[in-house]
Structure formats: C-alpha cells, structure tokens
Amino acid sequence: MLTITREFRFEAAHRLALAHLTDEENHTIYGPCSRIHGHSYRLRVTLCGTPNEYGWLLNFSDLKKIVTLHVLRLYDHACLNELEEYQEVLPTAESMATAIFHRLKPHLRGPNYRLLRVCVYETQDAWASWEDPCAADS
Ligand SMILES: Nc1nc2c(c(=O)[nH]1)N=C([C@H](O)[C@H](O)COP(=O)(O)OP(=O)(O)OP(=O)(O)O)CN2
Ligand SMILES: [Zn+2]
C-alpha cells in the first residue's frame, strides 16, 4: 500500500481529571496530569491511495492547508479541555487521535486517496493512533 505522511506540531494545555471526582481522587488516577499542564504535541497525518496524473496522492502543501484549517487553527495554543470534542471525554492522546481523525476524514478524501491514520505524539516516546482499516479498500 502506498502512503504519504506529513508531520505537524502544536502547543497545547490540558488537564486529565474527571468532573465527578475530587482533586485527590483525580490525582490518584492521573498523577501530575490531573493538574493543568502543557505539551509540545506532534501530529502525523497519513493518507493512502494511488498517484494521480501529477504523480502524487495529494500535494503535501494542500495537506498542510487542510490540517491547518481544520485542526491546528483550533488546537494550537489552546486549552484542549475547552474544545467541543473534549466536553464528554478527556483530551488523552487516545481521544485526540480519534477526534482529529474524524475532524479530518471528510476533508481528506479524493478520487485517488483516503485518510488512513492519525498519530498524536504527546511526548517524544508516547503516542496514540487511530487508523481506518477500510481506507485502502474504499
Ligand atoms: N495512555 C495514556 N497515558 C497517559 C496519557 C495519555 O494521553 N494516554 N497522558 C498522560 C499525561 O498527559 C502526561 O502529561 C504525560 O506526560 P508525562 O507523564 O510527563 O510523560 P512522561 O513520559 O514524562 O512520564 P513518566 O513518568 O516518565 O512515565 C499520562 N499518561
Ligand atoms: Zn499531559
């Protein structure tokens, strides 16, 4: 399968704490992450498909424009807990990969390519990804 990937960076704050628990209970579960703190996130967006008449799945530059418009504009220097998608779920790497995938999916679909995977790196060595196993077949 042919894929292309572009990496992006953004700075954001978050707090991992469940609203119905006390600060102490949240600290027991989430440790220092129960207090507001920031990360320098890295985001990797991967498309799969077949090259078009120009020889590419999608111009990397157009991929950047789409991710900037639909994700970075909202996420960079934001408090993630305030975003619409994190009102019912906490902004863990897992839920961020899921939410960002679903944000991007309708905008990254062309005659020759689909969105395959979104990876969110919370730290250099810890990440979560959401992948559509059907992307290659659709
Ligand atoms: N499965 C997940 N585990 C953790 C998540 C997550 O999103 N998914 N998030 C966090 C916190 O956001 C935390 O801020 C992560 O950073 P940190 O704990 O500083 O990471 P370290 O690698 O420095 O932590 P170690 O103590 O060295 O493991 C926590 N877990
Ligand atoms: Zn964190």
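Both ligands and their constituent atoms are indexed starting at 1 by order of listing.
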The Zn ion (ligand 2) reached by His14 (N, O or S, under 2.8 Å):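 Given the 2.8 Å cut-off, His14 counts as a ligand of the Zn ion (ligand 2).
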
Are more than 12 heavy atoms, taken from residues, nucleotides or ligands other than [X], located less than 6.0 Å from that residue's [atom1] atom?
X      : atom1 : result
Gln87  : CD    : yes
Asp137 : CG    : yes
Glu82  : CD    : no

Among the N, O or S atoms of His39, the one nearest the Zn ion (ligand 2): NE2

Of all N/O/S atoms in His37, the name of the one nearest the Zn ion (ligand 2): NE2

Using a 4.0 Å cut-off to any heavy atom of [X], which atoms of ligand 1 qualify?
X      : value
Leu16  : 9 (N), 10 (C), 11 (C), 12 (O)
His14  : 12 (O)
Glu122 : 5 (C), 6 (C), 7 (O), 9 (N), 10 (C), 11 (C), 12 (O), 13 (C), 15 (C)
His39  : 12 (O), 13 (C), 14 (O), 15 (C), 16 (O)
Thr92  : 7 (O)

To check your reading of the model: name the closest protein heavy atom to [atom], its residue, and the distance in Å.
atom                    : result
atom 1 (N) of ligand 1  : Glu94 OE2, 2.7 Å
atom 18 (O) of ligand 1 : Cys33 SG, 4.1 Å
atom 21 (P) of ligand 1 : Thr123 CG2, 4.7 Å

Below 4.0 angstrom, counting only protein heavy atoms, does anything approach [atom]?
atom                    : value
atom 23 (O) of ligand 1 : no
atom 12 (O) of ligand 1 : yes
atom 28 (O) of ligand 1 : no
atom 9 (N) of ligand 1  : yes

Short question: side chain of [X], backbone of [Y] - any donor-acceptor pair under 3.5 Å?
X      : Y     : value
His107 : Ile66 : no
Thr68  : Lys64 : yes
Arg6   : Phe60 : yes

From Leu115, Thr46, Leu57, residue fulfilling side chain to side chain contact (heavy atoms under 4.5 Å, CB included) relative to Leu108: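 Of all the options given, the one that passes is Leu115.
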
Any N/O pair Ala93/ligand 1 closer than 3.5 Å: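 For ligand 1, there is an N or O atom that lies under 3.5 Å from one belonging to Ala93.
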
Derivation and outcome, side-chain contact (heavy atoms from CB on, under 4.5 Å), residues Ile100 and Tyr75: CA-CA 10 Å; Ile100 292 171; Tyr75 277 62; 3.7 Å; yes

Transitive ILVMFWY side-chain link Val89 to Leu18, under 4.5 Å: no

Qualifying residue for side-chain hydrogen bond (donor to acceptor under 3.5 Å, both in side chains) with Ser40, from Arg9, Glu122, Glu11: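 Per the side-chain hydrogen bond (donor to acceptor under 3.5 Å, both in side chains) rule, the option paired with Ser40 is Glu11, out of Arg9, Glu122, Glu11.
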
